[in-house]
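Before any comments, here is the structure.
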Amino acid sequence: MKNVLAAAVLWGTAGTAGLLITADPVSVAAARLVIGGLLLALLARGARVTPALLLGAVAVAAYQLCFFAAVSRTGVAIGTVVAIGSGPIFTGLLSRQFSARWAAATAAAIAGCAALIVGGEAQAGDEVLVGVLLALLGGLIYAFYAVTAAKAINGGAPSDAVMGIMFGGAAVIMLPVLILTGPGWLAEPRGLLAALYLGVGTTALAYFLYGRGLRTTPVATAATLALAEPAVAALLGLLVLRETLTPVSFGGLVLLGVSLVAVAVPERKKISVEAGVDGQRAR
């Protein structure tokens, strides 16, 4: 679980780093995935490339496109809440790895995430419904590639190789997107440094840790723990960017933190009376 939380912390720094760049957000996302994906691909040497992992690579790239198409219609707040918040739900359903406590904590975490990001603000517009549907599709796609990676890792494939194949493939897919959206901003020192951090830190290192975390953490639990991302982003906004939180957002931050703790604490295994009696007989 520590590796998953560390990955979420790195993801949470992406927004602050992105403020250093004045470029098309789609171009920034493409550069981030190209740089990080190519680095992760170096770990996939000698690994077995399967149709499932190739489909996972397509899903990684598709998620980026769905997410940015969603936020362009709904705004960043609602698009982020729907995409990130629906991910754990879809992951739990697809993996069938969930408990009553996971369901309750995940529901509370999503509510906290929504309150944190939206802060009580409403969003209206003709394209909002389409944007919400695209964000939901993004959440489903994220769940698909997370479950695909978890199945491969649980089946004995090295986590480094799994992430390398999926994100290396996604980097190849997103390279034309980067070229078409204009990579000229990478020639600026500040833009290049920010892109390198986004690619190396928030993508390559983060998904390297996430893959390691999937070795021992159920994928549904990992998806819920990843909701620490908006909490970290909010804290950086307070400490680094001197932003302020509304009471609703602050309450969401507290609720999200409590929910993540509830998910992270291991559940106690129940020992039945019959098992205890059988144990005494065995002695």
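In this chain, numbering begins with 1 at the start of the sequence shown. Model, not experiment: these values are computed from the prediction.
Across Ile35, Ile21, Thr203, a single residue satisfies side-chain contact (heavy atoms from CB on, under 4.5 Å) together with Leu198, and that is Ile21.
In terms of modelled atom types and a separation under 3.5 Å, the side chain of Thr221 and the main chain of Thr217 share no donor-acceptor contact. A donor-acceptor contact shorter than 3.5 Å is absent between the side chain of Ser95 and the backbone of Val147.
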Only distances under 3.5 Å count here; give the side-chain donor-acceptor pairs of residues 4-14 to other protein atoms, sequence neighbours excluded, each with its distance to 0.1 Å.
unit_1 : atom_1 : unit_2 : atom_2 : d
Trp11  : NE1    : Thr202 : O      : 3.3
Thr13  : OG1    : Leu10  : O      : 2.7
Thr13  : OG1    : Tyr197 : OH     : 2.7

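Residues satisfying the side-chain contact (heavy atoms from CB on, under 4.5 Å) criterion with Leu65, sequence neighbours excluded, are Met174. In this view, Pro183 and Leu178, Leu186 satisfy the side-chain contact (heavy atoms from CB on, under 4.5 Å) rule, not counting sequence neighbours. Residues meeting the ring pair (Phe, Tyr, Trp, His ring centres under 6.0 Å) test with Tyr145, sequence neighbours left out: Tyr142. Checked against side-chain contact (heavy atoms from CB on, under 4.5 Å), Ala69 has the following partners two or more places apart in sequence or in another chain: Arg73, Leu134. With sequence neighbours left out, Val49 forms a side-chain contact (heavy atoms from CB on, under 4.5 Å) with Leu54, Ile165.
When all heavy atoms of Phe90 and Gly139 are compared, the pair lying nearest together is CD1-C, 3.6 Å. Nearest heavy-atom pair across Ala194 and Ala17 is CB-O, 3.9 Å. Heavy atoms only, all atoms of each residue included: Gly87 and Ala143 are closest at O-CB, 3.9 Å. Closest approach of Leu53 and Val162 over heavy atoms only: CD2-CG1, 3.8 Å. Across all non-hydrogen atoms, the minimal contact from Ala61 to Ala170 is N-CB, 4.0 Å. Residues Ala220 and Gly92 approach most closely at CB-CA, 3.8 Å, considering heavy atoms.
Two residues are said to be in side-chain contact when any heavy atoms from C-beta on lie closer than 4.5 Å; Phe208 and Leu39 fail this criterion.
The stretch residues 160-175 participates, sequence neighbours left out, in these salt bridge (Lys or Arg N to Asp or Glu O under 4.0 Å) pairs: Asp160-Arg212. Pairs engaging residues 16-38 under the ring pair (Phe, Tyr, Trp, His ring centres under 6.0 Å) rule: none recorded [sequence neighbours left out]. Counting only residues at least two apart or in different chains, ring pair (Phe, Tyr, Trp, His ring centres under 6.0 Å) contacts with residues 163-188 comprise Phe167-Tyr207. For residues 162-172, no residue pair satisfies the side chain to side chain donor-acceptor pair (under 3.5 Å) rule, not counting sequence neighbours. Annotation: salt bridge (Lys or Arg N to Asp or Glu O under 4.0 Å) contacts involving residues 170-193, sequence neighbours excluded, are absent.
Separating the CD1 atom in Ile141 from the CG atom in Leu136 is a distance of 11.0 Å, to the nearest 0.5 Å. Note that CD1 of Ile89 is 12.0 Å distant from CG of Leu94, once rounded to the nearest 0.5 Å. Considering CG of Leu214 and CG of Asn154, their distance stands at 8.0 Å, rounded to 0.5 Å.
Clustering ILVMFWY residues whenever any of their side-chain heavy atoms sit less than 4.5 angstrom apart, transitively, puts Ile179 in the very cluster that holds Leu38. Using a 4.5 Å cut-off between side-chain heavy atoms of Ile, Leu, Val, Met, Phe, Trp and Tyr, with links allowed through other members, Val172 and Val34 fall into different hydrophobic clusters.
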Kindly determine whether Leu43 and Met163 satisfy side-chain contact (heavy atoms from CB on, under 4.5 Å), including the steps that lead there.
CA-CA 8 Å; Leu43 303 176; Met163 291 299 169; over 6 Å; no
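Val58 belongs to a hydrophobic cluster with Ile173, counting contacts under 4.5 Å between side-chain heavy atoms of Ile, Leu, Val, Met, Phe, Trp and Tyr, direct or through other members.
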